[in-house]
Amino acid sequence: MEVKIDKNNKLKFAPALLKWHLSENKRQMPWKGEKDPYKIWLSEIILQQTRVEQGLNYYKNFINTFPDINQLAGADDGRVFKLWEGLGYYSRCKNLLLTARYIVKERSGKFPETYDEMLQLKGIGTYTAAAISSFAFNLPYAVVDGNVFRVIARVFGISKPIDTAEGKRFFTELADELLDKKKPGIYNQALMDFGAVICKPVSPLCQECIFRKKCYAYQHNKINELPVKLKIITVKKRVFNYLVLDYKNEILVHERLGKDIWQHLYEFCLFETKKLLKPEEVTNLALEKKILKAGKYVVITKLTPLKQLLSHQLITGQFIYIHLTTKPVLKENYILVRREQLKNYPFPKLINNAIKEIFVEKK
DNA sequence: AATACGGGGTG
DNA sequence: CACCCAGTATT
């Protein structure tokens with residue numbers, strides 16, 4: 001059952017929010033007040049499912065390296081992925097490049113200026129299109145991100161789940177009603193700031209909240225009940241057995257392609273199994289597959305298995321460091337990279353952790 | 001409509 | 001440990 005929303009409360013929402021934003025507490029960020037759609041777009045892609053503090057340095061590095069969309073579009077994929085390394089959700093990086101190149105090629109480098117055109121671009125969904133069109137062009141589209149779901153659900157007592165199509169429609173509609181159509185850009189930033197600074201997911205600062213007297217969740221003691229989320233994510237366990245093959249200080253690596261995690265990042269020779277194998281079992285597998293040749297290798301180190309938690313997977317990584325005594329045959333997209341050059345390739349965090357242990361700690 | 005996609009911060 | 005972050009694409 002839904003709470004009825006007082007129309008008067010809706011009308012007062014935007015002015016109160018803007019007043020709050022004006023007076024205090026607003027967060028300072030390099031893209032705030034920015035009008036260059038390229039910079040806004042870049043910041044929004046980086047910030048998808050990513051905390052401001054985490055994305056900040058990535059944004060600065062990208063802007064320094066690629067001051068405009070032409071430079072980004074002209075860059076090598078590897079260089080861009082290296083800059084993105086560690087930020088996660090790597091399809092964002094792939095789509096960033098696709099879209100940059102599309103805009104440069106098909107639109108002479110000119111960023112679209114309407115919501116609908118932006119929505120067509122790879123990597124831009126409803127949130128990002130609303131953000132760019134309101135920030136850069138002052139178009140009246142309300143952003144609906146995690147902050148907005150939370151603030152609206154609590155203040156207006158909306159118990160519709162936020163992770164269903166119907167719930168999203170409902171929240172988006174309400175968000176558009178609440179939007180200040182004269183100052184959509186400022187308003188959108190104010191709402192997200194408010195969610196991040198005051199109406200936080202855990203332990204929100206209700207004592208300082210301007211909506212305290214009206215807030216449904218606060219008045220009914222349902223701060224921790226709202227917003228409502230239905231789906232429970234399940235975490236799949238996977239075991240990655242890696243052979244780190246070293247021939248005269250050159251390491252065998254390859255780029256991950258296909259539909260799995262870590263697309264376009266690099267890794268060593270992988271044997272995925274259901275259960276953790278003994279190191280001998282991994283080398284036996286490699287012998288069967290003719291990756292290793294009997295008597296032509298020496299096992300140097302076996303790392304204690306490392307864990308890496310992803311949103312839907314728990315990866316256990318076993319790393320076996322092996323010296324080859326004969327030059328390996330390069331299959332598929334494998335390449336040999338000198339030890340000192342490894343740092344120039346983008347790796348998942350799990351692999352970087354292993355690299356640190358194998359090549360640095362050993363000294 | 002449901003699921004996959006990273007890594008980090010917080011209580 | 002559980003939750004969630006300035007979400008999007010794919011199935």
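Everything numeric in this text was worked out from a predicted model, so none of it was measured.
Contacts of A:Asn352 with the nucleic acid, taken as non-hydrogen atoms under 4.0 Å apart, are absent. Using a 4.0 Å heavy-atom criterion, one finds that A:Trp84 contacts no nucleic acid atom at all. As judged by a 4.0 angstrom heavy-atom cut-off over every strand, A:Gln313 is placed among residues touching the sugar-phosphate backbone only. A:Thr126 comes within 4.0 angstrom of sugar-phosphate atoms only, judged by non-hydrogen atoms across all strands, and of no base. Counting any heavy atom pair closer than 4.0 Å across all strands shown, A:Ala165 reaches sugar-phosphate atoms only and no base atom.
Looking at which nucleotide of DNA chain C each of A:Pro201 and A:Leu121 is closest to, the 5′-most match is held by A:Pro201. The nearest heavy atom of DNA chain B to A:Arg169 and to A:Leu265 marks one nucleotide each, and the one closer to the 5' end goes with A:Arg169. Checking A:Ser311 against A:Lys231, the closest nucleotide of DNA chain B that is more toward the 5' end is the one next to A:Lys231.
Checked against a 6.0 Å centroid threshold, the rings of A:Tyr115 and A:Phe137 do not count as neighbours. Ring centers of A:His264 and A:Phe81: under 6.0 Å apart, within the cut-off.
Annotation: C:dT8 and B:dG8 have their P atoms spaced 22 Å apart (nearest Å).
At a non-hydrogen distance threshold of 4.0 Å, A:Gln49, A:Thr50, A:Arg51, A:Gln54 from residues 46-63 of chain A come into contact with DNA chain B.
Rounded to an integer number of Å, the gap from A:Leu257 CG to B:dC5 C1' is 16 Å. Look at CD1 on A:Ile45: it is 18 Å from C1' on B:dG7, rounded to the nearest Å. Atom NZ in A:Lys168 sits roughly 13 Å away from atom P in C:dA9 (whole-Å rounding). Rounded to whole angstrom, the span from the CD1 atom of A:Ile124 across to the C1' atom of C:dG7 amounts to 12 Å. For the pair A:Arg92 CZ and B:dG6 C1', the interatomic distance rounds to 8 Å; values are reported in whole Å. Look at OH on A:Tyr90: it is 17 Å from C1' on C:dG7, rounded to the nearest Å. One atom, NZ of A:Lys200, and another, P of C:dC4, lie 15 Å apart when rounded to the nearest Å. One interatomic measurement links the two molecules: CG of A:Asn147 to P of C:dC5, which rounds to 7 Å at whole-angstrom precision.
Counting atom types as modelled, A:Tyr127 pairs no side-chain N or O with a base atom of C:dG7 as donor and acceptor under 3.5 Å.
Listed nucleotides: C:dG7, C:dC4, C:dT10. Nearest to the side chain of A:Lys122: C:dT10. The A:Ser203 side chain lies nearest to B:dG11 when the options are B:dG7, B:dC5, B:dG11. Here C:dT8 is the nucleotide among C:dT8, C:dC4, B:dG7 with the atom lying nearest to any side-chain atom of A:Thr128. In the set B:dG7, C:dC4, B:dC5, C:dC4 carries the atom at the smallest distance from any side-chain atom of A:Arg150. Residue A:Asn95 places its side chain closer to C:dA9 than to any other of C:dA9, B:dG6, C:dC4. Here the nucleotide nearest the side chain of A:Gln308, chosen from C:dC5, B:dG7, C:dT11, is B:dG7.
Taking hydrophobic clusters as Ile, Leu, Val, Met, Phe, Trp and Tyr residues chained together by side-chain heavy-atom distances below 4.5 Å, A:Leu285 does not share a cluster with A:Phe240.
Proximity of A:Trp262 to the phosphate of B:dG7: a side-chain N or O atom is located under 4.0 Å from OP1 or OP2. Not one side-chain nitrogen or oxygen of A:Tyr89 sits closer than 4.0 Å to the OP1 or OP2 atom of C:dC5.
At a threshold of 4.0 Å, the pair A:Arg92-A:Glu44 does not count as salt-bridged, since none of the basic side-chain nitrogens sits closer than that to a carboxylate oxygen.
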For this session: Give the intermediate values and the outcome of side-chain hydrogen bond (donor to acceptor under 3.5 Å, both in side chains) for residues A:Asn241 and A:Glu281.
Result: CA-CA 10 Å; A:Asn241 306 277; A:Glu281 296 177 303; over 6 Å; no
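Residue A:Ile103 comes nearest to A:Pro112 through the heavy atom pair CD1-CD, 4.0 Å, listed as atom of the first residue, atom of the second, then distance.
Between A:Asp145 and A:Asn147, the side chains place a donor N or O and an acceptor N or O closer than 3.5 Å (distance only, hydrogens not considered).
Not a single donor-acceptor pair under 3.5 Å links the side chain of A:Gln49 to the backbone N or O of A:Gly88. A distance-only check finds a donor-acceptor pair linking the side chain of A:Glu34 to the backbone of A:Asp36 [under 3.5 Å].
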